[in-house]
Structures are given as C-alpha cells and as structure tokens.
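Shown next, in structure tokens, is the structure this report addresses.
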There are 2 protein chains.
Amino acid sequence: MLSKKTQYAFKALMYLAQQKEEGPVLIAEISKKKKIPLKFLENILLELKKAGILDSKKGKGGGYFFAKDPAKVYLAEVLRLIDGPIALLPCVSLHFYEKCKNCDEKHCGLNRVMCEVRDANLAILEKKTVEDIR
Amino acid sequence: MLSKKTQYAFKALMYLAQQKEEGPVLIAEISKKKKIPLKFLENILLELKKAGILDSKKGKGGGYFFAKDPAKVYLAEVLRLIDGPIALLPCVSLHFYEKCKNCDEKHCGLNRVMCEVRDANLAILEKKTVEDIR
DNA sequence: CATATTGAGTCTTTTTCGAGAGCATGAAAC
DNA sequence: GTTTCATGCTCTCGAAAAAGACTCAATATG
C-alpha cells in the first residue's frame with residue numbers, strides 16, 4: 001500500500017491536471033475537493049514544486065499549476081519522489097538498492113519473484129503519466 | 001515497499017522451507033541466519049502460527065515448522081496477513097476495500113491505472129507459493 | 001504605500017512502526 | 001518432580017509518519 005502522502009500526491013496531481021486550463025489552483029481548493037488535510041497537502045505540493053513538477057504563485061490569483069507538461073510526468077517518477085522504492089524489497093530496487101545481508105541474490109527465490117513483481121509494476125508505472133489519470 | 005515485518009516474514013518462511021526436512025527450527029536460529037531482530041521475529045512467527053501457516057513446539061527439540069504444506073501457502077496470503085492490502089490504494093483493494101471520498105470510481109483515471117497494477121501483482125503473488133521461493 | 005490574499009516555514013501533537021526487556025507457560029530430560 | 005530449554009505474553013521505549021497551530025513572506029490591487 002502507498003503511504004497516505006503518496007496517495008494524496010496522486011490525487012492532487014489528478015485534480016490539477018483536470019483544472020489545468022483554469023489557471024492556478026488554490027491549495028485550499030484541492031484540500032477541500034479531494035479531502036486532503038490542508039497543511040499536509042502544502043508539504044506535498046511543495047515537494048512536487050521542488051522536484052520541478054509543479055510551480056506556484058503567491059498572492060491574489062495565485063495557487064499551484066504544472067511546471068512540466070503532465071503528459072511527461074510519469075507515475076513512477078512521482079511514486080519514487082514521494083514514497084521511495086517501487087520494489088517490494090530493498091534488494092530488488094533499481095533506484096534505492098540495498099544489498100541483502102546474508103542472502104546470495106543470484107540464488108534467492110524470494111529475490112527472483114520480487115523482481116518479477118517489480119518489472120510488472122514498472123511496465124505500467126513507467127508508461128502511464130499524470131495526463132493518463134486526468 | 002513492504003513493511004519490515006512483512007519482509008522478515010517472507011525471509012523466515014523461505015528459511016523454514018529450506019530447513020523443513022530437519023524438524024523444528026529455533027527462533028534464535030532463524031534470527032541469526034536471516035539477521036532478524038529476535039523479539040520482532042517472535043511476534044511474526046506467532047502471527048503466522050495463529051493464521052494456521054506455521055506451528056510450534058516448546059521445550060528441548062522444539063521450534064517452528066510448517067502446519068500447512070508450503071506449496072499451498074501463497075505469497076499473496078502471507079502479504080495480506082502481515083502487511084494488509086496488496087493494492088496501492090484502498091479504493092482498489094479486493095480484501096481491504098474502502099470507498100474513496102469524493103471520487104467516482106467509475107470515472108477515476110487513477111483508480112483505473114491502480115487496478116491494472118493490482119491485477120499485475122496478483123497474477124504473480126496468487127500463483128507463487130512459499131515452496132517457489134525455497 | 002496599505003491591505004487583502006495566498007503560499008512558505010517552524011514548532012507541536014498524535015499515532016503507528018520497529019525493536020527490546022522481562023516474566024510466564026509448556027514440554028522434554030534426568 | 002525439578003531443572004532446563006524454548007515459545008508466549010505484556011509492557012515500554014524511540015523513531016518516523018500523519019496531522020494541526022501559528023507565524024513569516026511574497027504579490028496583486030486599489
């Protein structure tokens with residue numbers, strides 16, 4: 001299961017993609033419409049901004065909007081940014097790899113199965129973008 | 001990513017499957033060989049016992065062993081028992097479903113993609129057993 | 001320039017997860 | 001039946017996640 005934070009991030013991005021023709025969207029609006037705790041959402045959007053996915057404007061008429069074309073924001077990218085590894089085990093993660101203590105990965109049955117799972121997930125998450133969940 | 005608890009559960013089951021011909025295995029032995037904190041492992045094995053997957057014997061010559069044929073213990077079953085939902089979102093979970101507030105699942109793009117991911121995972125996890133990761 | 005609007009930053013609280021300590025319980029061996 | 005071995009149970013502690021309160025900073029508008 002994804003962390004709450006990541007679930008919220010996806011929902012916020014989906015909402016922003018739906019509203020992208022309307023100009024900047026208020027944090028408060030996303031919070032209300034998608035039922036996300038306001039201050040928690042602030043942090044999430046800020047992270048997405050620092051990662052170059054979103055941008056924001058302060059003051060009247062301000063809010064959040066895409067810095068990057070949503071059709072080029074892959075779900076895998078968002079997931080790794082907010083949640084971390086996509087793989088189920090550290091020893092099968094591509095971006096957050098950690099060696100298994102006391103386990104020879106070449107001959108580990110668990111490793112083999114978890115690689116399969118990871119590849120199945122990546123096949124979807126590295127192809128689908130925020131535009132696809134609009 | 002799986003919780004530590006679930007990762008440990010899989011590793012312990014893998015080890016037990018490898019040693020299944022040797023009779024009961026000590027918690028301490030699994031803990032040492034698979035580098036799992038002893039008391040944490042105790043809880044995990046107990047849960048697996050209460051679920052009918054493992055059984056245990058106290059006293060000398062005691063330890064843990066399979067109550068069920070490891071070839072019939074599906075990875076999905078273990079994962080759901082220790083970790084909870086396999087799906088990435090509550091609203092696409094089969095066993096731990098929770099309705100999405102303010103989101104019509106029929107027309108939610110996120111829901112659609114996450115269902116795909118879930119099905120890809122289940123295709124593997126409901127087919128593979130503990131015997132397969134031996 | 002004054003003010004209303006809205007995002008940004010800091011601090012605190014609550015809950016869950018990971019981990020460990022200590023005692024209780026049950027089984028085998030002598 | 002007492003000792004020894006190994007699991008079972010309860011409590012506690014610290015770290016991280018989830019959530020909220022309050023203050024600071026930037027910008028549009030008149």
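Remark: the backbone N or O of A:Tyr74 is not paired with any side-chain donor or acceptor of A:Glu126 at under 3.5 angstrom. Between the side chain of B:Asn121 and the backbone N or O of B:Ala87, no donor-acceptor pair lies under 3.5 Å.
Between the CG atom of A:Leu2 and the P atom of D:dA18 there is a distance of 11 Å, rounded to whole Å. At whole-Å resolution of the value, CD in B:Glu29 and P in D:dC5 are 17 Å apart. As rounded to whole Å, 12 Å separates atom P of D:dA19 from atom NZ of A:Lys5. Rounded to a whole Å, the CG atom of B:Leu38 is 13 Å from the C1' atom of D:dG8. Between the P atom of D:dA16 and the CG atom of A:Asp83 lies a distance of 16 Å, rounded to the nearest Å. Rounded to whole Å, atom C1' of D:dT2 lies 15 Å from atom NZ of B:Lys60. We find that CG of A:Asn43 is positioned 13 Å from C1' of D:dA21, with the value rounded to whole Å. Following rounding to the nearest Å, B:Asp55 (CG) and D:dA6 (P) show an atom-to-atom distance of 17 Å.
Checking the phosphate oxygens (OP1, OP2) of D:dT7, no side-chain nitrogen or oxygen of B:Lys50 falls inside 4.0 Å. The side chain of A:Tyr8 contributes an N or O atom lying less than 4.0 Å from OP1 or OP2 of D:dA19.
Using a 4.0 Å heavy-atom cutoff across all strands shown, B:Lys39 reaches at least one base atom of the nucleic acid. Within 4.0 Å (heavy atoms only), A:Leu26 reaches sugar-phosphate atoms of the nucleic acid but no base atom.
When DNA chain C is scanned 5' to 3' for any atom under 4.0 Å from a heavy atom of chain A, the first and last hits are C:dT5 to C:dG9.
Judged by closest nucleotide on DNA chain C, A:Leu45 is the one of A:Leu45 and B:Pro37 placed further toward the 5' end. Taking the nucleotide of DNA chain D with the nearest heavy atom to each of A:Lys58 and A:Ser3, the more 5' of the two is matched to A:Ser3.
Residue pairs that meet the salt bridge (Lys or Arg N to Asp or Glu O under 4.0 Å) test with at least one member in residues 19-33 of chain A, sequence neighbours left out, are A:Lys20-A:Glu131, A:Glu21-A:Arg134.
Residue-environment remark: NZ (B:Lys99) exceeds the threshold of 12 foreign heavy atoms within 6.0 Å.
A salt bridge does not link B:Glu47 to B:Lys50: none of the charged nitrogens lies less than 4.0 Å from a carboxylate oxygen.
The one candidate from B:Val113, B:Leu110, B:Val117 that meets the side-chain contact (heavy atoms from CB on, under 4.5 Å) condition with B:Leu88 is B:Val117.
Taking hydrophobic clusters as Ile, Leu, Val, Met, Phe, Trp and Tyr residues chained together by side-chain heavy-atom distances below 4.5 Å, A:Phe40 shares a cluster with A:Leu54.
Residue B:Leu46 has its side chain nearest to D:dC9 when only D:dA18, D:dT29, D:dC9 are considered.
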